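Have a look at the structure below before the remarks.
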Amino acid sequence: MPLLRFDLIEGRDKEAVKKLLDVAHQVVVEAFDVPERDRYQIVHEHPAHHMIIEDTGLGFNRTENLVILSIVSKARSKEKKQKLYSLLAERLEAECGIAPTDLMISIVENNDEDWSFGLGEAQFLIGKL
């Protein structure tokens with residue numbers, strides 16, 4: 001936990017997707033202080049015409065290298081969120097060639113009772129996590 005969902009325009013090869021996921025995971029581990037094996041990532045690929053992602057008037061030029069990242073997580077401080085945003089933009093550009101203007105992130109917060117990792121149990125509530 002957290003759960004990361006990536007919406008991408010289809011066309012990236014397997015290695016590029018794997019690199020994107022690996023870089024994102026390392027940033028989450030660093031910024032949110034989660035364990036290394038706390039990795040939950042899902043990729044959704046779409047035809048380009050199925051995604052309209054503008055810039056809220058900020059003047060960004062989006063490309064087909066666009067990454068929309070939706071994160072479901074327990075509450076994190078503003079500082080940790082800002083660290084995640086900046087590290088992710090920096091490292092995806094350096095390691096994956098994704099421009100910071102092609103990265104959009106949204107975080108939705110939830111609580112311990114909102115997670116079950118299996119076995120029909122709320123592991124956070126019963127003390128297993």
Side-chain angles (χ1 to χ4, degrees):
M1 196 275 308
L3 173 63
L4 283 68
R5 295 180 182 267
F6 298 80
D7 285 283
L8 311 172
I9 294 173
E10 62 190 4
R12 286 178 168 88
D13 63 33
K14 183 173 138 178
E15 293 78 22
V17 172
K18 177 77 165 87
K19 183 68 172 175
L20 167 64
L21 298 179
D22 289 346
V23 169
H25 179 65
Q26 289 307 311
V27 168
V28 168
V29 167
E30 184 176 338
F32 283 180
D33 300 314
V34 300
E36 186 69 33
R37 288 190 45 87
D38 198 355
R39 186 172 182 171
Y40 303 94
Q41 300 173 312
I42 301 168
V43 174
H44 303 273
E45 294 185 291
H46 310 274
H49 66 279
H50 284 196
M51 294 179 69
I52 299 174
I53 308 298
E54 295 185 351
D55 65 357
T56 315
L58 295 169
F60 300 160
N61 291 315
R62 307 280 196 190
T63 73
E64 292 203 1
N65 217 16
L66 183 66
V67 174
I68 306 301
L69 176 55
S70 303
I71 301 173
V72 178
S73 175
K74 68 179 186 178
R76 309 286 175 172
S77 70
K78 291 177 186 178
E79 294 78 19
K80 285 187 179 200
K81 290 177 185 177
Q82 184 57 51
K83 183 176 182 179
L84 176 100
Y85 301 149
S86 62
L87 284 177
L88 200 52
E90 175 186 306
R91 294 196 187 150
L92 287 179
E93 183 174 38
E95 299 183 40
C96 300
I98 298 168
T101 53
D102 272 334
L103 176 62
M104 182 176 160
I105 305 167
S106 176
I107 299 175
V108 176
E109 295 179 345
N110 64 8
N111 298 304
D112 288 349
E113 66 268 17
D114 299 315
W115 293 94
S116 172
F117 295 93
L119 303 174
E121 300 174 340
Q123 286 85 358
F124 286 125
L125 295 181
I126 63 174
K128 288 189 174 179
L129 289 175

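Source: prediction; values computed, not measured. Starting from 1, each residue takes its place in the sequence as its number.
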For Ala48 versus Glu64, what's the shortest heavy-atom pair and its separation? CB-OE2, 3.7 Å

Co-membership, hydrophobic cluster, residues Met104 and Ile98, 4.5 Å side-chain: no

Leu20 and Val43, any side-chain heavy atoms less than 4.5 Å apart: no

Once rounded to the nearest 0.5 Å, what's the spacing between atom CG of Leu69 and atom CG of Leu92? 8.5 Å

Phe32 backbone acceptor or donor facing Arg76 side chain under 3.5 Å: yes

Report whether Trp115 and Leu4 are members of the same hydrophobic cluster (ILVMFWY, side-chain heavy atoms less than 4.5 Å apart, transitive linking). no

CD of Glu93 to CG of Asp102, rounded to nearest 0.5 Å, is 10.0 Å

For Glu109 versus Lys74, what's the shortest heavy-atom pair and its separation? CG-O, 4.4 Å

Heavy-atom nearest pair, Glu10 first then Pro47, reads OE2-CA, 3.5 Å

Atom NZ of Lys128 and atom CG of Leu119: how far apart are they, to the nearest 0.5 Å? 6.0 Å

Would a distance-only check, ignoring hydrogens and angles, find a side-chain to backbone donor-acceptor pair under 3.5 Å from Arg62 to Thr101? yes

Shortest non-hydrogen separation from Ile9 to Met51 and the atoms involved: CG1-SD, 3.8 Å

Please work out whether the ring planes of Phe117 and Tyr40 are parallel, tilted or perpendicular, with thresholds of 30° and 60°. tilted

Count the heavy atoms belonging to other residues, nucleotides or ligands that lie under 6.0 Å from NZ of Lys81, then report whether that count exceeds 12. yes

Going by an N to O cut-off under 4.0 Å, is there a salt bridge joining Asp22 and Arg39? yes

Within one Ile-Leu-Val-Met-Phe-Trp-Tyr cluster: Val17 and Leu88, side-chain cutoff 4.5 Å: yes

Hey, quick one: are Tyr85 and Ile68 part of the same hydrophobic cluster, counting side-chain heavy atoms closer than 4.5 Å, chains of contacts allowed? no

Answer yes or no: are there more than 12 heavy-atom neighbours, outside Leu58 itself, under 6.0 Å from its atom CG? yes

Has Asn65 got a side-chain atom pairing as donor or acceptor with Gly97's backbone, closer than 3.5 angstrom? yes

Roughly how far apart are Ile105 CD1 and Phe6 CZ, rounded to 0.5 Å? 9.5 Å

Heavy-atom check, side chain of Val67 versus side chain of Arg12, under 4.5 Å: yes

Minimal non-hydrogen separation, Val34 against Pro2, with atom names: CG1-CD, 3.9 Å

Which atoms form the tightest heavy-atom contact between Glu36 and Gln26, and what is the distance? OE2-NE2, 2.8 Å

Side-chain (His25) to main-chain (Arg37) donor-acceptor, under 3.5 angstrom: no

Test of understanding: clusters of I, L, V, M, F, W, Y form through side-chain heavy atoms closer than 4.5 Å, transitively. Do Leu84 and Val23 belong to the same one? yes

Approximate separation, where rounding is to 0.5 Å, of Leu66 CG and Asp7 CG: 9.0 Å

Tell me whether Asp13 contacts the main-chain N or O of Glu15 through its side chain, where contact means a donor paired with an acceptor under 3.5 Å. yes

Atom pair NE2 (His46) and CD1 (Ile53), whose distance is rounded to the nearest 0.5 Å: 8.5 Å

